[in-house]
Undergrad: 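Sharing a structure below in structure tokens format, with a few things to ask.
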Amino acid sequence: MRVHIRSAEPAFERTLSNIVGLFFEHPVISYSPESGSDPEVDVELVLSAAKADNKITAKAVLSLKPQEQQLEAEHARQLGKDASLTSEEGRKILKQALCHALLDVLQRSTGIIQPWGILTGIRPTKLMHERTKRGIRQELIHKELQEDYLIADEKIALMQRIVERQLTAIPDLYQLRGEVSIYIGIPFCPTKCAYCTFPAYDINGRQGSVNGFLGGLHHEMREVGKWLKEHGIRVTTIYFGGGTPTSITAEEMDALYKEMYDSFPDVDQVREITVEAGRPDTITPEKLSVLLKWGIHRISINPQSYTQETLDLIGRHHSVEETVDKFELARATGMDNINMDLIIGLPGEGIAEFEHTLAETAKLMPESLTVHTLSFKRASEMTQHRGTGKYKVASRDEINQMMERAIRWTDTFGYVPYYLYRQKNILGNLENVGYAKPGMESLYNILIIEEMQSIIGLGCGASSKWVDPVTGVITRLANPKEPKAYNETYLQYTEAKLQTLEKLYAPSAVGVQS
């Protein structure tokens, strides 16, 4: 689909493109009249401002070819008393007015209603937390979200449930900026899944890389842990992700968790330690014993689907039976907090296949369940072959029905939604939702999604997200994704983390306890 947008506000082009992308698959969007062939959709966006009443009006005129159909929409917004068109508030209102008008004409022309409105960000609940922290009443928060972003009532209700659950799970959620959490990335997997863009390298035949990588990781843990101890910074949660952290040997895991206890401050007081064991083909009795030895009870075992043909197609080289067997082995070993991930909209799967996956999940009853909606990530093998027909996915209507079925299923079995995030190119413009039995929520997932404190990323492909404990300003530092590059540079990346810690959390930093 070729879409041409004429707008006097080039600074908003990216946002406007995101809105168009909600309605058309792989749209070719142009802003310049010299950009090539005639568009099938032409949108003209006009802004006008009335000085007398400080009102901004956005008008969208959409022309469809070859039908020569034309639709118009207007949206008026009021500027604050002291706001100008060039102020931060004024620019925000300008952008919202344009997006409202554009969304209106696109919804009417396509018949597709967007329950998330103009919102294309990945952390919707953050908007509600920000207003809650300021003491705004719940009904006014809901009114603002509906008017500013056109979010549907059912999505606002979902956000409210999640925010309330998060504040129950972590009552001091708004007071944790003076602490940190730690993410440890293990970049190896038995094979790489077709939808994956995480750092995940085939562990077979790469033992030299594994050994070198673990040496660098241990160094990062020691140096960062030493700094945290010396400056009295507490650790809230620790999360081992990847890749698949259980791809390494039981002996390597044992040494890694010993390093964790030796290096980090007061590990016995850390609120939660999670190890992803997402690939069932990496789980062994020996590895489970190591986890229990070090007091790690929360793990993920991710089926994604209980249809064998789907697993084969997406590159997960384990059987459905192995998922069940390894879950039962973990239970028998003493694991009492197991998460499972399911994905809506995997290639070749429709409502019947998803119903089967839910029925099989009901036989196991993990403590938490994350329901993902498939996203075509730019660098994934699935996206690169999307046009070949190899990875055919369900329709928007079927995706919505599967999501509704997941909501009913989790409610029936007593799971409560506790975190939510969205992704670009997600099927049906839906969301990923984490559900848990009350009291079994992943604290790390809440902290990383809501960006309430710094997450220090250690290991290959790990990204540190620094949340200034005083201002809340967020900055990032990403380690190299490829093991060889990590092995060559971990010293300098460790030093960069120590410098950032010094800047943000040293005694000279004002208001660390705020």
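Count residues from 1 along the sequence.
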Undergrad: Just so I know, are the side chains of Leu150 and Asp104 near enough to count as touching, which here means a heavy-atom distance under 4.5 Å?
TA: no

Undergrad: Closest heavy-atom contact between Arg422 and Pro124?
TA: CD-CG, 3.7 Å

Undergrad: Minimum heavy-atom separation for His4 and Ser30, please, with both atom names.
TA: ND1-OG, 2.9 Å

Undergrad: Taking Glu139 first and then Arg137, would you say they form a salt bridge - that is, a charged N and a carboxylate O separated by under 4.0 Å?
TA: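 A salt bridge links Glu139 with Arg137.
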
Undergrad: How far apart are the C-alpha atoms of Met128 and Ile162, what are their side-chain angles, what is the distance that settles it, and do they pass the side chain to side chain contact (heavy atoms under 4.5 Å, CB included) test?
TA: CA-CA 10 Å; Met128 190 169 282; Ile162 289 171; over 6 Å; no

Undergrad: Ignoring hydrogens and geometry, is there a side-chain-to-backbone donor-acceptor pair from Thr373 to Glu431 under 3.5 Å?
TA: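 Yes; at least one donor-acceptor contact below 3.5 Å.
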
Undergrad: Where the side chain of Thr244 meets the backbone of Ala277, is there a donor-acceptor pair that is under 3.5 Å apart?
TA: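 A pair under 3.5 Å: no.
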
Undergrad: Let me confirm one number: the CD1-CD1 distance from Ile299 to Ile273, rounded to the nearest 0.5 Å.
TA: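 Reported value, rounded in 0.5 Å steps: 14.0 Å.
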
Undergrad: Just verifying a value: how many Å separate Ser247 OG and Met253 CE, rounded to the nearest 0.5 Å?
TA: 10.0 Å

Undergrad: Kindly say whether Asp468 contributes a backbone atom to a donor-acceptor pair with the side chain of Thr471 at under 3.5 angstrom?
TA: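 Not confirmed, Thr471 side chain does not pair with Asp468 backbone.
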
Undergrad: Do Asp266 and Val235 have side chains that get closer than 4.5 Å, going by heavy atoms?
TA: no

Undergrad: Between Glu88 and Lys92, does any NZ, NE, NH1 or NH2 come within less than 4.0 Å of an OD or OE carboxylate oxygen?
TA: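 Looking at Lys92 and Glu88, the cut-off is not met.
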
Undergrad: How close do Leu79 and Gly90 get, counting heavy atoms only, and between which atoms?
TA: CD2-CA, 3.6 Å

Undergrad: Measuring from Leu217:CG to Ile184:CD1, what's the distance to the nearest 0.5 Å?
TA: 6.0 Å

Undergrad: According to the interplanar angle, ranging from 0 to 90°, do the rings of Phe213 and Tyr486 count as parallel (below 30°), tilted (30 to 60°) or perpendicular (above 60°)?
TA: tilted

Undergrad: Return yes if some donor-acceptor pair links the side-chain N/O of Asn302 with the main-chain N/O of Asp341 below 3.5 Å, else return no.
TA: yes

Undergrad: Please examine the side chains of Thr237 and Ile448, heavy atoms only from C-beta on, and report whether any two atoms are closer than 4.5 Å.
TA: no

Undergrad: Check this for me, if you would: do Arg91 and Glu9 make a salt bridge, where the nitrogen-to-carboxylate-oxygen distance has to be below 4.0 angstrom?
TA: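 Looking at Arg91 and Glu9, the cut-off is met.
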
Undergrad: Evaluate side chain to side chain contact (heavy atoms under 4.5 Å, CB included) for Leu228 paired with Leu501, printing each intermediate quantity in order.
TA: CA-CA 9 Å; Leu228 296 175; Leu501 284 166; 4.3 Å; yes

Undergrad: More than 12 heavy atoms of other residues, nucleotides or ligands under 6.0 Å from NZ of Lys95: is that the case?
TA: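 At most 12 heavy atoms, drawn from other residues, nucleotides or ligands, come within 6.0 Å of this atom.
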
Undergrad: In Å, rounded to the nearest 0.5 Å, how long is the span from CD1 of Ile136 to CD of Glu130?
TA: 10.0 Å

Undergrad: What closest approach, in Å, do Thr15 and Cys99 show between heavy atoms, and which atom pair accounts for it?
TA: CG2-SG, 3.5 Å

Undergrad: Please walk me through it: do Thr489 and Gln492 pass side-chain hydrogen bond (donor to acceptor under 3.5 Å, both in side chains)?
TA: CA-CA 6 Å; Thr489 58; Gln492 67 192 61; 5.4 Å; no

Undergrad: Decide side-chain hydrogen bond (donor to acceptor under 3.5 Å, both in side chains) for Tyr174 and Thr132; before the verdict, give the C-alpha distance in whole Å, the side-chain angles of both, and the deciding distance to 0.1 Å.
TA: CA-CA 10 Å; Tyr174 299 156; Thr132 301; 4.5 Å; no

Undergrad: Please answer whether the main-chain N or O of Ile456 pairs with a side-chain N or O of Lys497 as donor and acceptor at a distance below 3.5 Å.
TA: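 Here the side-chain-to-backbone pair does not exist.
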
Undergrad: Given the side-chain rings of Tyr505 and His231, with only the six-membered ring counted for Trp, is the space between their centroids under 6.0 Å?
TA: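 So the answer is no for these two rings.
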
Undergrad: Ala97 and Ala58: which non-hydrogen atoms are nearest, and at how many Å?
TA: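 Distance-wise, the nearest heavy atoms are O-CB, 3.3 Å.
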
Undergrad: Can any side-chain N or O of Tyr419 pair as donor or acceptor with the backbone N or O of Glu441 at less than 3.5 Å?
TA: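 No, because the side chain of Tyr419 does not come within donor-acceptor range (under 3.5 Å) of the backbone of Glu441.
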
Undergrad: Does Arg131 use its side chain to pair, donor to acceptor, with the backbone of Leu127 at less than 3.5 Å?
TA: yes

Undergrad: Is the shortest side-chain heavy-atom distance between Glu220 and Asn479 below 4.5 Å?
TA: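 Yes, side chains in contact.
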
Undergrad: Any non-hydrogen side-chain atom of Ile455 less than 4.5 Å from a side-chain atom of Tyr444?
TA: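 Side chain of Ile455 against side chain of Tyr444, heavy atoms only: contact under 4.5 Å found.
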
Undergrad: Give me the atom names and distance for the closest heavy-atom approach of Val416 to Arg161.
TA: CG1-NH2, 4.1 Å

Undergrad: In Å and rounded to the nearest 0.5 Å, what is the CG to CG distance from Leu420 to Asn432?
TA: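 Atom-to-atom, Leu420:CG and Asn432:CG are 7.5 Å apart.
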
Undergrad: Quick one: does Ser17's side chain get under 4.5 Å of Tyr31's, heavy atoms only?
TA: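 Touching, per the 4.5 Å side-chain cut-off.
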
Undergrad: Are the charged groups of Arg234 and Glu179 less than 4.0 angstrom apart, N to O?
TA: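 Result for this pair is yes, salt bridge flagged.
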
Undergrad: Just by distance, with hydrogens left out, do Tyr418 and Thr168 show a side-chain donor and acceptor under 3.5 Å apart?
TA: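 No - no donor-acceptor pair under 3.5 Å links their side chains.
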
Undergrad: Taking the six-membered ring where the residue is Trp, are the ring centres of Tyr415 and Tyr435 under 6.0 Å apart?
TA: no

Undergrad: Would you indicate whether the side-chain heavy atoms of Ser7 and Phe12 approach each other to under 4.5 Å?
TA: no

Undergrad: I want to know whether Phe240 and Tyr257 have ring centres closer than 6.0 Å.
TA: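 Yes; Tyr257 has its ring centre under 6.0 Å from that of Phe240.
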
Undergrad: Atom CG of Asp148 and atom CD1 of Ile118: how far apart are they, to the nearest 0.5 Å?
TA: 8.0 Å

Undergrad: Taking 4.0 angstrom as the limit, do Glu451 and Arg476 come out as a salt bridge?
TA: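 Answer for the salt bridge query: yes.
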
Undergrad: Return yes if some donor-acceptor pair links the side-chain N/O of Gln453 with the main-chain N/O of Ser181 below 3.5 Å, else return no.
TA: yes

Undergrad: Short question: side chain of Gln166, backbone of Ile446 - any donor-acceptor pair under 3.5 Å?
TA: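 No, the answer is negative, given that no donor and acceptor are paired below the 3.5 Å cut-off.
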
Undergrad: Using the side chain to side chain contact (heavy atoms under 4.5 Å, CB included) rule, take Met452 and Val467 through it: C-alpha gap first, then chi angles, then the decisive distance, then the call.
TA: CA-CA 7 Å; Met452 291 297 179; Val467 180; over 6 Å; no

Undergrad: For Arg279 and Thr246, what are the C-alpha separation, side-chain angles and deciding distance, and is it a side chain to side chain contact (heavy atoms under 4.5 Å, CB included)?
TA: CA-CA 8 Å; Arg279 292 287 292 264; Thr246 46; 6.0 Å; no

Undergrad: Closer than 3.5 angstrom, by distance alone: can the side chain of Arg271 be matched with the main-chain N or O of Ile170 as a donor-acceptor pair?
TA: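 No, the answer is negative, given that no donor and acceptor are paired below the 3.5 Å cut-off.
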
Undergrad: Tyr239 vs Tyr183 aromatic rings, parallel, tilted or perpendicular, using cut-offs 30° and 60°?
TA: parallel

Undergrad: Is there a side-chain contact between Phe23 and Leu103, using heavy atoms and a 4.5 Å cut-off?
TA: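 Result yes, sub-4.5 Å side-chain heavy-atom pair found.
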
Undergrad: Can you establish whether the number of heavy atoms outside Lys229 located under 6.0 Å from its atom NZ is more than 12?
TA: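 Yes, the 6.0 Å shell around NZ holds more than 12 heavy atoms from other groups.
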
